[in-house]
Peer 1: 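For reference, the structure I am asking about is given below.
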2 protein chains.
Amino acid sequence: MVTPRKPPLTPDASGFNVYARECPARMVLDRIGDKWALLVLDRLRHDAARFNAIRRDIGGISQKVLSQVLKNLERDGLVLRTVHATVPVAVTYSLTPLGETLTQAAASLIHWAESHMAQIQHAQRLYDDRLAATSL
Amino acid sequence: MVTPRKPPLTPDASGFNVYARECPARMVLDRIGDKWALLVLDRLRHDAARFNAIRRDIGGISQKVLSQVLKNLERDGLVLRTVHATVPVAVTYSLTPLGETLTQAAASLIHWAESHMAQIQHAQRLYDDRLAATSL
DNA sequence: TCACCTGGTTTCATATTGAAACCAGGTTTC
DNA sequence: GAAACCTGGTTTCAATATGAAACCAGGTGA
């Protein structure tokens, strides 16, 4: 039986609860429940990449934010930062085994947006038209 | 065969690409790739709820942010706002069929944080210790 | 030498957030 | 019947986060 969770949610078996603001799990959610982090995780899903390659692939991400996101993901053990002892040095980022356990969910979320755009845009038009109508 | 996607990512079959900053799909990701939106979607997964009930269940969310998130989700067609013609009026929020297609992915992400906390905290300790060691 | 890569950090102006106050109703308590 | 407390929000304002750009040390190639 799949455990049904009805909020206010009971904690996880190990006692963690994202619904509680002070819970460590919530703090992790603060970092992974973020568009940039999700895009980075998805970008690393198939191959490791260098800092500037990631930056070029993810349109609109700034160096500062990418740097912060990568540091956070590294600290949480999701991403591995490797400095290659070449000349000149190259820095690559890759997923850890732990990070790989998250990418499926991350990719699903990202992918969902792309595959449901028709319905979303339809809803947006209805909403905007209805709003314009009521304000007249 | 699962289509492997190697970034810089080719657009979706319908032409949408979250990796492109100006793509409508990216703008949707801006809204759903957000911890508050994910928590709200998860909260509504099992039953509809009133504004203040959602607010109480999601620790730390402000009225302002909840109001904004719900408006965005409603405009994108994920959440339905219903004003019940009772006295006094009650306002409930529930998932639309479109919203239900997203909740599995949202729940997976949220749930992941809770169920992997031991490994995450272990990684954090390693990272922090290593950082403290190098700065000495 | 000049220009341009690498992987970042710093600066600063602007946009977002969060806490709190406020609001118009309605209800319950005493 | 008035004080206090629900409802579902909006407004205000200070603090925080973000983004664009400059800057940096080091290396490469022309």
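Labels below follow one simple rule: chain letters A, B, ... track the order of the sequence lines, proteins then strands, and each chain is numbered from 1. Values reported hereafter were calculated over all heavy atoms of this structure, with side chains retained and with hydrogens, waters and symmetry mates removed.
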Peer 1: OP1 or OP2 of C:dT9 versus the side-chain N and O atoms of A:Ser67: is any pair under 4.0 Å?
Peer 2: yes
Peer 1: Picking from C:dT27, C:dT9, D:dG9, which would you name as closest to the side chain of B:Arg81?
Peer 2: D:dG9
Peer 1: Between B:Glu74 (CD) and D:dG9 (P), how many Å, whole number?
Peer 2: 9 Å
Peer 1: Just N and O in the side chain of B:Arg56: are any of them under 4.0 Å from OP1 or OP2 of D:dG8?
Peer 2: no
Peer 1: In whole angstrom, give the distance that lies between atom CD1 of B:Ile58 and atom P of C:dG18.
Peer 2: 12 Å
Peer 1: Taking the nucleotide of DNA chain D with the nearest heavy atom to each, does A:Lys35 or B:Ala90 sit closer to the 5' end?
Peer 2: B:Ala90
Peer 1: Could you tell me how far apart A:Arg31 (CZ) and D:dT18 (C1') are, to the nearest whole angstrom?
Peer 2: 18 Å
Peer 1: Quick one: is D:dG19 close enough that its OP1 or OP2 comes under 4.0 Å of any side-chain N or O from B:Arg21?
Peer 2: no
Peer 1: Does A:Arg43 reach the main-chain N or O of A:Arg55 with its side chain, forming a donor-acceptor pair under 3.5 Å?
Peer 2: no
Peer 1: Can you see if the side chain of A:Arg50 gets near the phosphate of C:dT6 - specifically, an N or O under 4.0 Å from OP1 or OP2?
Peer 2: no
Peer 1: Choose from C:dT11, C:dT9, D:dT28 the nucleotide whose nearest atom is closest to any side-chain atom of A:Lys71.
Peer 2: C:dT9
Peer 1: Of the listed nucleotides (C:dG8, D:dA20, C:dT17), which one gets closest to any side-chain atom of A:Tyr93?
Peer 2: C:dG8
Peer 1: Check the distance between C:dC5's P and A:Phe51's CZ and give it to me in whole angstrom.
Peer 2: 16 Å
Peer 1: Under the salt bridge (Lys or Arg N to Asp or Glu O under 4.0 Å) criterion, do B:Asp76 and B:Arg31 qualify, and how do the steps go?
Peer 2: CA-CA 9 Å; B:Asp76 286 341; B:Arg31 293 188 287 271; 2.7 Å; yes
Peer 1: Can you tell which of C:dG26, D:dT28, C:dT9 lies closest to the side chain of A:Gln63?
Peer 2: C:dT9
Peer 1: Would you say B:Trp36 places a side-chain N or O within less than 4.0 Å of OP1 or OP2 belonging to C:dT16?
Peer 2: no
Peer 1: CZ of A:Arg55 versus P of C:dT6: gap in Å, rounded?
Peer 2: 8 Å
Peer 1: What is the minimum heavy-atom distance between A:Gln63 and A:Phe51, and which atoms define it?
Peer 2: O-CZ, 3.8 Å
Peer 1: What residues, two or more places apart in sequence or in another chain, satisfy side-chain contact (heavy atoms from CB on, under 4.5 Å) together with A:Gln121?
Peer 2: A:Met117, A:Gln124, A:Arg125, B:Phe16, B:Pro24
Peer 1: Can you name the side-chain hydrogen bond (donor to acceptor under 3.5 Å, both in side chains) partners of B:Thr101, sequence neighbours left out?
Peer 2: A:Trp112
Peer 1: Of all the nucleotides listed (D:dG8, C:dG8, C:dG18), which has the minimum atom distance to the side chain of B:Asn52?
Peer 2: D:dG8
Peer 1: Between D:dT28, D:dG19, C:dT17, which nucleotide gets closest to the side-chain atoms of A:Lys64?
Peer 2: D:dG19
Peer 1: Measure from the side chain of A:Pro88, starting at C-beta and using heavy atoms only, and say which of C:dG7, C:dG18, D:dG27 lies closest.
Peer 2: D:dG27
Peer 1: Any base atoms under 4.0 Å from B:Val89, or only sugar-phosphate, or nothing? Heavy atoms, all strands.
Peer 2: nothing
Peer 1: To the nearest angstrom, how far is B:Asp34 atom CG from C:dT17 atom C1'?
Peer 2: 11 Å
Peer 1: Can any side-chain N or O of A:Thr96 pair as donor or acceptor with the backbone N or O of A:Leu78 at less than 3.5 Å?
Peer 2: yes
Peer 1: How many whole angstroms separate atom CD1 of A:Ile61 from atom P of C:dG7?
Peer 2: 14 Å
Peer 1: C:dG18 P sits how many Å from B:Leu66 CG, rounded?
Peer 2: 12 Å
